[in-house]
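Labels below follow one simple rule: chain letters A, B, ... track the order of the sequence lines, proteins then strands, and each chain is numbered from 1.
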Amino acid sequence: LRLIALEEHYRLPSLESSEAVLAFQRDAGFSSDSPMGRRMAKLSELGEQRLDDMDAAGIDMQVLSHSHPTPAEFPPDEGVELARAANDLAARAVAAHPDRFVAFATLPMSAPQAAADELERSVSELGFRGALVNGHTDGRFFDDRSLWPVLERAQRLDVPIYLHPVEPPEAVRRAYYEGLPGPAGKMLSAAGWGWHVDTGMHVLRMVLGGVFDEFPRLQLIVGHMGEALPFMLARSSQILRPALDKPLEQYVEEHLHFTTSGMFTYPPFLCLLLVVGADRVMFAVDYPYSDNEEGRAFMLGAPISEADKEKIAYGNAERLLRIGAHAGG
Amino acid sequence: VRAITIEEHFWTEDLSRVAAPEIKASPLDELLLDLGERRLAEMDANAIDVQVIGHTVPAAQGLRGADAIRLTRQANDALAVAVRSHPTRFAGWATLPTDDAHAAVEELERAVGELGFVGAMVNSTLGTNGVFLDDPQFDPLFAALERLDVPLYLHPGFPPPVLRELLYSDLPEPSCLSLAAGAWGWHSEVALHLLRLVLAGVFERYPNLRVVIGHGGEMLPFMLRRIDDFLAPERGTGLQDVPSAYLLRNVWITTSAMTALPPVMCALQVFGVDRVLFSVDYPYTPIADCRAMLDALPISPADKAKVAVGNAAALLGLDAWSSSGKPR
């Protein structure tokens, strides 16, 4: 089974020793000799080691995207430079292994106009397939019109935006996640819970804020089985019906795609499939934070038809990201 | 008995007046105030024999100061009158004056011991009382719940103003309030609240404590493996085991307000059929929609009987009702 993995991360080597990375590793208890620390050490490698990891698990292609910290977390000038450097680095990996890698751009979201320009450069000059954006930008969500230049450009270029989690704003962290022992609060605010539900909520903000009415062709990708949206969709739809011109489900069917990144159990997967259908679900691992082999075993063992498996493992991604037979479409 | 539903709401005139100011007058108000014929007729029309009833948000969580204890007692007494009037149709959850943890314990003891209530329903306390229940001041409450052998129903409440401002503002109304509450925010806050109890070691200190959450499990069944992956003991949580070890041992889930099958199937697959209980969230969700979900649930008749009746009877000690279980 051909496997294209949609949410696979790398990091500029120059950021490995940045305060943002060191602080996260310290607060989350990820020392360099911990299992997660050893995984994260793979972020800055974009060559043979990564390809070996892919080969060992039968991953045919990774869609690369820059991990935390993103250029959005730096002042605008610095962010613009970091984004260019990160995208150029990924472009070199894609050029070296065009049958194994494609890429999503990372964007200096703190400078939205420059971010839109960098998206255009990445797509038009570097051949990238869209952009991965880490959640809120300094507390602003995508319903904030100051960020719309990026969405407008994505629609014009006809490429999707991958909405990835990020740590909550500091004030949210203080209100919700303080007072727990050790690194528990930090993990609870991030991959252990908080940033997932915040991302699901962010999607709802985009719908409620009229983003998809303003950009009717915009396509959004959401990881981690949909960040709990599939579980809540009927409930959320019922509650939000008075606020929307059309049912929430219709926005999902017209604008959202979902990946399996980091979540390799069948109950949420089946919930997702039952709610959105096989045409909107794509395989992803979340390398190196999650395990390629585990992702592959999950995909191969999924209790679904072979036809649907092929859509999810690679077919939907080839179509949405114009890979392989769909290139140039 | 054809169905027991356990997250059903009412309110009293007194406590409705202290409702969060954002709660506007609604056609549901009359249904909330009724604890008699109108409610029973709706139950009958949908083959629901028993409602376990609790005071709706903000309930006693919204009370402060000298009047709090008196008003809480009055609310619980009013519910007790209805339960005594219809002892085979209604049971009661106590509301507790959580602004004063000591008073909350005393009221729990009174409501269970004297009024015969099945446990306590507490709405999320952060927005009203400024703290989650993992704050050490509530340890005596958990000890009392364990000692009295009654469950705590952890129900949503409005997130505090700081979160309303940071996460749920700057959208066209009524979106802000909806998103902060039933469309997303207060559900994720209940899950967070429960995870905080786990991570604070509450279930290690009180291993027999039983907690119920509604709305299909407030997204926890969907995210449970992810939670375990990142909050395992080797991450330095200080716990003996992964969060799911406590959640699957100490927590029960109801289907309140869930009218779609996929999340309920997810909850059943993750928590198992002995841990999932049918509920409606009356009067906020149409009973008929919930009943239709239960009827359509693709599980065996034996398992459906557990979800509809057996699990609630076992959890709340309503054995007399389940054993007399002939259709009316």
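- A pairwise comparison of heavy atoms in B/Gly236 and A/Pro183 identifies O-CD, 3.2 Å as the closest pair.
- For A/Phe269, no part lies near chain B; criterion is any non-hydrogen pair under 4.5 Å.
- Side-chain atoms of B/Arg196 come within 3.5 Å of backbone N or O of A/Glu178 as a donor-acceptor pair.
- Note that the CE atom of A/Met36 and the CZ atom of B/Arg235 stand 4.5 Å from one another [nearest 0.5 Å].
- Among A/Pro168, A/Ala234, A/Ser34, A/Ala184, the residue making the largest number of heavy-atom pairs under 4.5 Å with chain B is A/Ala184.
- Distance check: A/Ile239 CD1 to B/Tyr284 OH gives 10.5 Å after rounding to the nearest 0.5 Å.
- Contact of A/His136 with chain B is not made at all, since no heavy-atom distance falls under 4.5 Å.
- Interface summary for chain A: among B/Ser178, B/Pro174, B/Ala181, B/Gly182, the most heavy-atom pairs under 4.5 angstrom belong to B/Gly182.
- Contact check for B/Gln269 versus A/Tyr266: no side-chain heavy atoms found under the 4.5 Å cut-off.
- Residue A/Ser290 touches chain B through its side chain alone, counting heavy-atom pairs closer than 4.5 Å.
- Side-chain atoms of B/Trp184 do not come within 3.5 Å of backbone N or O of A/His202 as any donor-acceptor pair.
- Between chain A and the options B/Glu189, B/His193, B/Met258, B/Glu165, heavy-atom pairs under 4.5 Å are most frequent for B/Glu189.
- Residue with the most contacts toward chain A among B/Ser175, B/Pro160, B/Ala200: B/Ser175 (heavy-atom pairs, distance under 4.5 Å).
- Chosen from A/Leu274, A/Leu240, A/Thr265, A/Val172, the residue pairing most often with chain B at heavy-atom distances under 4.5 Å is A/Val172.
- Taking each heavy atom of A/Asp286 and B/Arg226 in turn, the nearest pair found is OD2-NH2, 3.9 Å.
- When side chains are defined from C-beta on, A/Lys186 does not count as touching B/Phe230, because their heavy atoms never get closer than 4.5 Å.
- With a threshold of 4.5 angstrom between heavy atoms, A/Arg174 does not approach chain B through any atom at all.
- Around atom CZ of A/Arg145, no more than 12 heavy atoms belonging to other residues, nucleotides or ligands sit under 6.0 Å away.
- The minimum heavy-atom distance linking A/Ser236 with B/Ala183 is given by the pair OG-O, 2.6 Å.
- Here A/Arg205 contributes atom CZ and B/Asp170 contributes atom CG; the two are 6.5 Å apart, rounded to the nearest 0.5 Å.
- Counting heavy-atom neighbours within 6.0 Å of B/Glu204 CD, excluding the residue itself, gives a total above 12.
- One finds the CD1 atom of B/Ile227 at 9.0 Å from the NE2 atom of A/His196 (value rounded to the nearest 0.5 Å).
- Heavy atoms of B/Leu231 lying under 4.5 Å from chain A belong exclusively to its side chain.
- A heavy-atom distance below 4.5 Å is found between the side chains of A/Leu188 and B/Leu199.
- Residue contact with chain A, scored on non-hydrogen atoms closer than 4.5 Å, is absent for B/Leu239.
- Heavy atoms closer than 4.5 Å to chain B are found in the backbone of A/Glu227, but not in its side chain.
- Contacts of B/Leu126 with chain A are made by side-chain atoms alone, with heavy-atom separations under 4.5 Å and no backbone atom involved.
- Heavy-atom neighbours of B/Asp295 CG from other residues, nucleotides or ligands within 6.0 Å: above the threshold of 12.
- Between chain B and the options A/Pro242, A/Gly209, A/Pro230, A/Gly194, the largest number of non-hydrogen pairs under 4.5 Å is found for A/Pro230.
- Looking only at side-chain heavy atoms (C-beta outward), A/Phe231 and B/Met223 stay at 4.5 Å or farther from each other.
- Interface remark: of the candidates B/Glu218, B/His215, B/Glu234, B/Met265, B/His215 forms the most heavy-atom pairs closer than 4.5 Å to chain A.
- Residues A/Gln238 and B/Ala257 come closest through the heavy atom pair OE1-O, 4.4 Å.
- Across A/Tyr177 and B/Leu192, no two heavy atoms sit closer than the pair CE2-CD1, 3.4 Å.
- In terms of non-hydrogen atom pairs under 4.5 Å with chain A, the most contact-rich of B/Val264, B/Leu179, B/Thr237 is B/Leu179.
- Between the NE2 atom in B/His187 and the CZ atom in A/Arg235 there is a gap of 3.5 Å [rounded to 0.5 Å].
- The aromatic rings of A/Tyr176 and B/Phe132 sit tilted relative to each other, their planes meeting at an angle between 30° and 60°.
- With a 4.5 angstrom heavy-atom cutoff, A/Leu229 touches chain B via backbone and side-chain atoms both.
- Here CG of B/Leu194 is found 9.5 Å from CH2 of A/Trp193. Values are rounded to the nearest 0.5 Å.
- When each of B/Ser188, B/Ala191, B/Ala260 is scored by its heavy-atom pairs under 4.5 Å with chain A, the top score falls to B/Ser188.
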